[in-house]
Amino acid sequence: MQNQWEAEGKFPAHKIFKILGNAGFLGVNKPVKYGGLGLDFSYSVAVAEELGNIRCGGVPMAIGVQSDMATPALARFGSDELKEEFLLPSIMGDKVACLGVSEVGAGSDVSSIRTKAVRKGDEYVINGGKMWTTNGTQADWMCLLANTSDGPPHRNKSLICLPMNLPGVQIARKIDKLGMWSSDTAEVFFDDVRVPCKNVIGQEGMGFTYQMLQFQEERLWGVANILTAMDNIIQETIQYTGQRKVFRQPVLYHQSVHFRLAELQTEVELLRSLLYRATALYIKGNDVTKLASMAKLKGGRLTREVADSCLQYWGGMGFTSDVMVSRFYRDSRLLSIGGGADEVMLGIICKYMDTLPKK
């Protein structure tokens, strides 16, 4: 099925999410009251690791958006009414969620988004657009970050639950991408879209702060998800190079190959330890922004190393679309860009190290 979804550039989100929802996998660390399992975040990490066994990057990413990227702020700060309308059906797999943060001119720099939600009576009138929206063509609702006032850029934003079937919501196009083919990614426009003011998650003006908190879980989830995929790619490369012969002996027998694979596996284990440490601290209520940013930075760079090194050992076969290593090479490149680029992670780490130049 995954090969078919890759070819079609889309997977049946409602069908797959309903299966996952029935099994309890979309709300592992969400309140039992709204259909979740009420467990701590380490269980979400365990699910993310297991989803890394799916033989493409797009489907687990789409699941992660639903479970750990578009819903944490709603679960933590949303009103009971909003949780009933949006969180409960998302956990049950009856509604597909998407996250509306990035824009054409504001991806890594979240504070510079332009989408506006202007209060008119008891409604917001929303104008603007969002880019790179995972699940966007199939979503029933969006966790939207928009400017709700003209104040300072870190205090003028709000997160809003936006039904995608409202008049004025336009899916402009499904974006073709280098990798993550089976995950649909949309460009969305808003033209005088009216949403009730009660759809704001938590306090108006706190959206930037809530989104930064959501990013902690998103980044840890992304690292957990890629660990298993890297383990699998290294193992498949060991199997393949053990069979493939060059100069009358298996490729694996060349010291440069088995040494390199040992080095890569060591790096994966180090990243796993960092993830588990960050997760343990997060569960205890600590701010793990620095460690999560370090894990995300290392994860993005390590996937590129693993993908590139392993693909090389597959030779010409690695350059075909038939093998998992080439799909991983395409898909994993996103980890250094999505959810905060490497350079943004470095900036956050420097901020916590107090090494950023004073303005």
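Quantities reported herein were computed from a predicted structural model and do not represent experimental measurements.
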Peer 1: With the side chain counted from C-beta on, respond yes when Thr289 and Gln216 share a heavy-atom pair under 4.5 Å apart, and no when they do not.
Peer 2: yes
Peer 1: Drop me the distance from Leu271's CG to Arg301's CZ, to the nearest 0.5 angstrom.
Peer 2: 13.0 Å
Peer 1: Do the side-chain N and O atoms of His14 and Asp140 include a donor-acceptor pair separated by under 3.5 angstrom?
Peer 2: yes
Peer 1: Between Glu8 and Gln4, do the side chains contain a donor N or O and an acceptor N or O under 3.5 Å apart?
Peer 2: yes
Peer 1: Is it the case that atom CZ in Arg244 sees more than 12 heavy atoms from other parts of the structure closer than 6.0 Å?
Peer 2: yes
Peer 1: Would you find a donor on one side and an acceptor on the other, under 3.5 Å apart, between the side chain of Ser108 and the backbone of Val344?
Peer 2: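 No.
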Peer 1: Kindly give the heavy-atom pair with the smallest separation between Ile233 and Val306, and that separation in Å.
Peer 2: CG2-CG1, 4.1 Å
Peer 1: Nearest 0.5 Å, please: how far is CG in Asn147 from CG in Leu145?
Peer 2: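 Reported to 0.5 Å precision, the distance equals 7.5 Å.
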Peer 1: Mind checking whether Trp221 and Ser67 have side chains closer than 4.5 Å, heavy atoms only?
Peer 2: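 Counting from C-beta outward, Trp221 and Ser67 do come under 4.5 Å.
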Peer 1: Hey, any chance Leu99 and Leu82 share a hydrophobic cluster, counting ILVMFWY side chains that come within less than 4.5 Å of each other, even indirectly?
Peer 2: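 As far as the 4.5 Å side-chain criterion goes, Leu82 and Leu99 are connected within one cluster.
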Peer 1: Within a strict 4.5 Å, meaning less than it, do heavy atoms of the Phe11 and Met1 side chains meet?
Peer 2: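 In short, these two side chains do not touch, never coming nearer than 4.5 Å.
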Peer 1: Can you tell if the side chain of Phe328 reaches within under 4.5 Å of the side chain of Ile226, non-hydrogen atoms only?
Peer 2: yes
Peer 1: State, to 0.1 Å, how close Cys143 and Leu159 come at their nearest heavy-atom pair, and which atoms those are.
Peer 2: SG-CD2, 3.9 Å
Peer 1: Would you kindly confirm whether Val125 and Leu162 end up in one hydrophobic cluster when ILVMFWY residues are joined by side chain heavy atoms under 4.5 Å apart?
Peer 2: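 Per the 4.5 Å side-chain linkage, Val125 and Leu162 are not co-clustered.
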Peer 1: Check the pair Ser111 / Phe208 against side chain to side chain contact (heavy atoms under 4.5 Å, CB included), numbers first and verdict last.
Peer 2: CA-CA 7 Å; Ser111 66; Phe208 185 86; 4.0 Å; yes
Peer 1: Counting neighbours of OH on Tyr43 that are heavy atoms of other residues, nucleotides or ligands and sit closer than 6.0 Å, is the number greater than 12?
Peer 2: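 Counting other residues, nucleotides and ligands, OH of Tyr43 stays at 12 neighbours or fewer.
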Peer 1: How far apart are the closest heavy atoms of Gly136 and Met164, and which atoms are they?
Peer 2: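 Scanning both residues, the minimum pair turns out to be O-CE, 3.8 Å.
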Peer 1: Can a donor-acceptor pair be found between the side chains of Asn53 and Asn232 at a distance below 3.5 Å?
Peer 2: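 Judged by distance alone, the side chains do pair up.
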Peer 1: Say whether Val47 and Leu37 are linked into one hydrophobic cluster, either directly or through other cluster members, by side-chain heavy-atom distances under 4.5 angstrom.
Peer 2: yes
Peer 1: Could you go through Met294 and Leu291, starting from their C-alpha distance and side-chain angles, then the distance that decides it, and tell me whether this counts as side chain to side chain contact (heavy atoms under 4.5 Å, CB included)?
Peer 2: CA-CA 5 Å; Met294 287 175 164; Leu291 291 179; 4.2 Å; yes
Peer 1: Regarding Asp231 and Arg272, does a basic nitrogen lie under 4.0 Å from an acidic carboxylate oxygen?
Peer 2: yes
Peer 1: Going by an N to O cut-off under 4.0 Å, is there a salt bridge joining Lys298 and Glu267?
Peer 2: yes
Peer 1: Would you mind reporting whether Tyr34 and Glu84 have side-chain heavy atoms less than 4.5 Å apart?
Peer 2: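 Yes, their side chains come closer than 4.5 Å.
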Peer 1: Take Lys120 and Glu123 through the test salt bridge (charged side-chain N to carboxylate O under 4.0 Å, His left out) and record every step on the way to the result.
Peer 2: CA-CA 5 Å; Lys120 297 269 176 75; Glu123 288 183 320; over 6 Å; no
Peer 1: Answer yes or no: are there more than 12 heavy-atom neighbours, outside Asp150 itself, under 6.0 Å from its atom CG?
Peer 2: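 Atom CG in Asp150 is not packed in, count stays at 12 or less.
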Peer 1: Which atoms form the tightest heavy-atom contact between Leu51 and Asn225, and what is the distance?
Peer 2: C-ND2, 3.6 Å
Peer 1: Consider only side-chain heavy atoms of I, L, V, M, F, W and Y, link residues closer than 4.5 Å, and tell whether Leu227 and Leu335 are in one cluster.
Peer 2: yes
Peer 1: With rounding to the nearest 0.5 Å, note down the distance linking CD1 in Ile348 to NZ in Lys296.
Peer 2: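 That separation rounds to 9.0 Å.
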Peer 1: Show the nearest heavy-atom pair for residues Val188 and Val169, with the distance to one decimal.
Peer 2: CG1-CG1, 4.1 Å
Peer 1: Side chain of Glu103, backbone of Gly128: donor and acceptor closer than 3.5 Å?
Peer 2: no
Peer 1: Going by heavy atoms in the side chains, are Thr228 and Glu50 under 4.5 Å from each other?
Peer 2: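 No, side chains not in contact.
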Peer 1: So which heavy atom on Val96 is nearest to which on Asn135, and how close?
Peer 2: CG1-CB, 4.0 Å
Peer 1: Evaluate the salt bridge (charged side-chain N to carboxylate O under 4.0 Å, His left out) criterion for residues Lys130 and Glu187: first the C-alpha distance (whole Å), next the side-chain angles of each, then the deciding distance (0.1 Å), finally the verdict.
Peer 2: CA-CA 6 Å; Lys130 293 294 171 181; Glu187 182 174 14; over 6 Å; no
Peer 1: Between Gln66 and Leu20, is any pair of side-chain heavy atoms under 4.5 Å apart?
Peer 2: no
Peer 1: Give the intermediate values and the outcome of side chain to side chain contact (heavy atoms under 4.5 Å, CB included) for residues Cys56 and Asp331.
Peer 2: CA-CA 7 Å; Cys56 68; Asp331 290 351; 4.2 Å; yes
Peer 1: Are Leu261 and Ile238 close enough that some pair of their side-chain heavy atoms sits under 4.5 Å apart?
Peer 2: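 A side-chain contact exists here, since the closest heavy-atom pair is under 4.5 Å.
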Peer 1: Apply salt bridge (charged side-chain N to carboxylate O under 4.0 Å, His left out) to residues Arg76 and Glu217 and explain how you reach the verdict.
Peer 2: CA-CA 12 Å; Arg76 196 183 298 183; Glu217 294 195 6; 3.6 Å; yes
Peer 1: Taking atom OH of Tyr276 as the centre, report whether more than 12 heavy atoms of other residues, nucleotides or ligands fall under 6.0 Å from it.
Peer 2: yes
Peer 1: Please report the C-alpha distance between Asp68 and Gln214 in whole Å, then the side-chain angles of each, then the deciding distance to 0.1 Å, and finally whether the side chain to side chain contact (heavy atoms under 4.5 Å, CB included) criterion is met.
Peer 2: CA-CA 8 Å; Asp68 291 272; Gln214 276 195 148; over 6 Å; no
Peer 1: So for atom CD, which belongs to Glu81, do other residues, nucleotides or ligands contribute more than 12 heavy atoms lying within a distance under 6.0 Å?
Peer 2: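 Counting other residues, nucleotides and ligands, CD of Glu81 stays at 12 neighbours or fewer.
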Peer 1: Answer yes or no: is there an ion pair linking Arg155 with Glu204, defined by an N-O contact shorter than 4.0 Å?
Peer 2: no
Peer 1: Using 30° and 60° as the class limits, which term best fits the ring planes of Tyr282 and Phe41: parallel, tilted or perpendicular?
Peer 2: perpendicular
Peer 1: Can you see whether Phe215 has Arg219 sitting over its ring - NZ or CZ less than 6.0 Å from the centre and within 45° of the normal?
Peer 2: yes
Peer 1: Is Ile160 reachable from Phe190 through a run of I, L, V, M, F, W or Y residues, each pair having side-chain heavy atoms under 4.5 Å apart?
Peer 2: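 Yes, Phe190 and Ile160 fall within the same hydrophobic cluster.
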Peer 1: Any luck finding a side-chain donor-acceptor pair between Lys157 and Thr148 under 3.5 Å?
Peer 2: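 Their side chains do not contain a donor-acceptor pair, so the 3.5 Å distance test is not met.
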Peer 1: To the nearest 0.5 Å, how far apart are CG in Leu87 and NZ in Lys95?
Peer 2: 11.0 Å
Peer 1: CD of Glu343 to CE of Met345: how many Å apart, nearest 0.5 Å?
Peer 2: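 Reported to 0.5 Å precision, the distance equals 9.5 Å.
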Peer 1: Out of curiosity, Ser42 OG to Ile283 CD1, how far, rounded to the nearest 0.5 Å?
Peer 2: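 Atom-to-atom, Ser42:OG and Ile283:CD1 are 4.0 Å apart.
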Peer 1: Tell me whether the count of non-hydrogen atoms from other residues, nucleotides or ligands lying under 6.0 Å of NZ in Lys177 goes above 12.
Peer 2: yes
Peer 1: Taking Gln2 for its side chain and Arg55 for its backbone only, find out whether a donor-acceptor pair lies under 3.5 Å.
Peer 2: yes
Peer 1: Residues in side chain to side chain contact (heavy atoms under 4.5 Å, CB included) with Thr137, at least two apart?
Peer 2: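 Side chain to side chain contact (heavy atoms under 4.5 Å, CB included) list for Thr137, sorted by chain: Lys10, Ile171, Lys174, Asp184, Ala186.
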Peer 1: Tell me yes or no: between the side chains of Asn127 and Asp192, is some donor less than 3.5 Å from an acceptor?
Peer 2: yes
Peer 1: side-chain hydrogen bond (donor to acceptor under 3.5 Å, both in side chains): which pairs involve residues 304-329, sequence neighbours left out?
Peer 2: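 Of all non-adjacent pairs touching residues 304-329, those that pass side-chain hydrogen bond (donor to acceptor under 3.5 Å, both in side chains) are Asn3-Arg327, Thr237-Trp314, Arg260-Glu305, Arg260-Ser309, Arg304-Ser336, Arg304-Asp342.
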